[in-house]
Enquirer: 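Structure incoming, see below.
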Amino acid sequence: MAAITASLFIFLTTELMPIGLLTPLSASLGVSVGSVGLMVTAQGLAAGLGVPFIVAWTRRVNRRRLLTTLLAVLAVGNLITSIAPNYPLILGTRLIMGFASGVFWAIGVSMAMRIVPAKHANRAAAVVMSGISIATVVGIPLGTLLESAGGWRTTFLIWAGLSALVFLAVAVTIPSLPSANAVSVREVFELPVRNVPLRLVLVMVVFFVLGHFGAYTFVRPYLEDSTSATVGFITVVLIVFGTGGAIGNFIGGQTVNKSLRGSFIVGGLIMIAALVMLLTIGTYDFGVIAAMILWGLAFGVVQLSQINMTLSAAPETFEAAMSLNTMAYNTCIALGALIGGLFTDHVGVTSVVWFGIVLVALAVILRASTGRRTTPAI
């Protein structure tokens, strides 16, 4: 369980690391802040668009062997990023790393649920998902601190080493896990056609992820523009966000078992309120701190809710459903970063916060207008 959770931590921090490094990456590589956001876009697109095919093509591969292969790709990719002489090579490397990241998101939770007794499967999923909170509390802020101390290349080099350590942990500790209930590519894409609840969940995921990451990817430049924030303060803000996410993950673990619909709606409304606070009182340090801890809390609740909604909609084909969820999620991380970059470069960085408000509101409205009955968590 610890090895799988560590894998999630290392995959997520690698994918989102540029968020805390946008400004120094831009200055070092000689490209605009919006263009550097494409580092998130490239990895997200590959993770999203490739995962249903790779999961289906590897449906007979032992999951332990598959996970170690993914971690090896991640370690090499971080190493190349740390020494790459130009931005195009970094972007191409991120694209390849994205395929590995997407497959992990599709198989990681199901692996955790399989290595414990069935009655503890839901708890196992929650434990692994805590890796998201750990990544946002420790990983991304730590990357920002390492960059300020030794440069962004050192940051990625250290993450290459951590990826190698997690590779060894998985190889040594994870038991053999032959593939279970994976399906062909055609059957994967037929799932949302036949399964209306799953189709609705995927649409909600699209709105939520576009809104959240469209805004969150550009938190650093927004704070630098609106409050002249220092690196130290931005690091604190990222830690505060992650702490809120950890609290939200814990709260969501309690509430999703009572009402998935209610958890998603309330979490979304809190996220909208936090973004409005960022716009209205975000010129003050206390306002930024308050907004970011609420934003993190809401993200923790909504994130856990949408995972459980996906599993509840397709319990018999959860790995295939998770591959579709991953496709929607990571593609929208990429599109959110891309759209946010366009807004930042052409309208102003404040516009990405409004973009987040509108898209999260659409997700809440869709959830509120469907599924009146309470759906039990898996």
Side-chain angles (χ1 to χ4, degrees), residues 10-47 74-98 100-101 135-136 138-163 213-239 241-242 330 333-346 348-349 352:
I10 208 72
F11 273 106
L12 184 61
T13 51
T14 295
E15 183 171 356
L16 301 183
M17 186 74 71
I19 291 174
L21 308 176
L22 285 181
T23 305
L25 279 164
S26 173
S28 173
L29 297 170
V31 295
S32 70
V33 169
S35 296
V36 175
L38 291 175
M39 288 179 66
V40 180
T41 300
Q43 188 158 348
L45 277 176
L74 199 69
V76 173
N78 276 318
L79 177 61
I80 292 174
T81 301
S82 72
I83 61 176
N86 55 60
Y87 185 57
L89 178 57
I90 290 175
L91 209 56
T93 301
R94 296 281 295 187
L95 192 69
I96 295 171
M97 292 163 71
S101 180
T136 48
V138 179
I140 298 174
L142 179 59
T144 306
L145 278 177
L146 290 172
E147 183 280 325
S148 65
W152 62 267
R153 293 186 184 277
T154 300
T155 302
F156 283 104
L157 182 61
I158 291 172
W159 246 252
L162 290 175
S163 301
F213 282 100
Y216 186 66
T217 300
F218 296 91
V219 160
R220 178 169 180 167
Y222 174 81
L223 294 179
E224 289 174 336
D225 183 67
S226 62
T227 66
S228 300
T230 64
V231 172
F233 182 70
I234 290 170
T235 302
V236 170
V237 165
L238 293 174
I239 292 173
F241 176 87
N330 283 278
I333 289 178
L335 292 176
L338 175 62
I339 296 169
L342 292 173
F343 273 109
T344 297
D345 288 346
H346 299 288
V349 71
V352 299

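Quick caveat: nothing in here was measured; it's all calculated off a predicted structure. Heavy-atom basis, side chains included; hydrogens, waters and symmetry copies ignored.
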Enquirer: Just wondering, do Phe156 and Thr93 contact through their side chains at under 4.5 Å, heavy atoms?
Expert: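 When only atoms from C-beta onward are counted, Phe156 and Thr93 do not touch, as no gap falls below 4.5 Å.
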
Enquirer: Nearest 0.5 Å, what's the CG-OG1 distance between Leu89 and Thr81?
Expert: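 Answer rounded to 0.5 Å: 7.5 Å.
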
Enquirer: Check Phe218 against Val349 and note the closest heavy-atom contact, atom names and distance.
Expert: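 What the structure gives for the nearest pair is O-CG2, 4.0 Å.
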
Enquirer: How long is the gap from CD1 on Ile10 to CG on Leu162, to the nearest 0.5 Å?
Expert: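 It comes to 4.5 Å.
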
Enquirer: Taking only residues two or more places apart in sequence or in another chain, which ones pass ring pair (Phe, Tyr, Trp, His ring centres under 6.0 Å) with Tyr87?
Expert: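 Partners of Tyr87 by the ring pair (Phe, Tyr, Trp, His ring centres under 6.0 Å) criterion come out as none, since no residue qualifies.
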
Enquirer: For Ala75 and Ala160, which heavy atoms make the closest approach, and how far apart are they?
Expert: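 Smallest interatomic distance, heavy atoms only, reads O-CB, 3.5 Å.
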
Enquirer: Once rounded to the nearest 0.5 Å, what's the spacing between atom CG of Leu91 and atom CD1 of Ile96?
Expert: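 So the gap between those two atoms works out to 11.0 Å.
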
Enquirer: How far does CG of Leu157 sit from CD1 of Ile80, to the nearest 0.5 angstrom?
Expert: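 Those atoms lie 12.5 Å apart.
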
Enquirer: Would you say Leu238 and Phe241 make side-chain contact, with heavy atoms under 4.5 Å?
Expert: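 The answer is no; the side chains never approach within 4.5 Å.
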
Enquirer: Looking at Trp152 and Ser28, what are the two nearest heavy atoms and their distance?
Expert: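 So the two residues come closest at NE1-OG, 3.1 Å.
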
Enquirer: Could you tell me if the side chain of Leu29 sits less than 4.5 Å from the side chain of Asn86, heavy atoms only?
Expert: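 Contact flag for Asn86/Leu29 side chains = no.
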
Enquirer: So does Gly77 get a backbone contact from the side chain of Arg94, meaning a donor-acceptor N/O pair under 3.5 Å?
Expert: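 No, because the side chain of Arg94 does not come within donor-acceptor range (under 3.5 Å) of the backbone of Gly77.
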
Enquirer: Here's a test for you: under side-chain contact (heavy atoms from CB on, under 4.5 Å), which of Thr13, Leu74, Thr154 qualifies with Trp159?
Expert: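 Option passing the side-chain contact (heavy atoms from CB on, under 4.5 Å) with Trp159: Thr13.
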
Enquirer: If I compare all heavy atoms of Ile83 with all of Arg153, which pair ends up nearest, and what's the gap?
Expert: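 Shortest heavy-atom contact: C-NH1, 3.6 Å.
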
Enquirer: Are Asn78 and Met97 side-chain neighbours, meaning at least one heavy-atom pair lies under 4.5 Å?
Expert: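 Side chain of Asn78 against side chain of Met97, heavy atoms only: contact under 4.5 Å found.
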
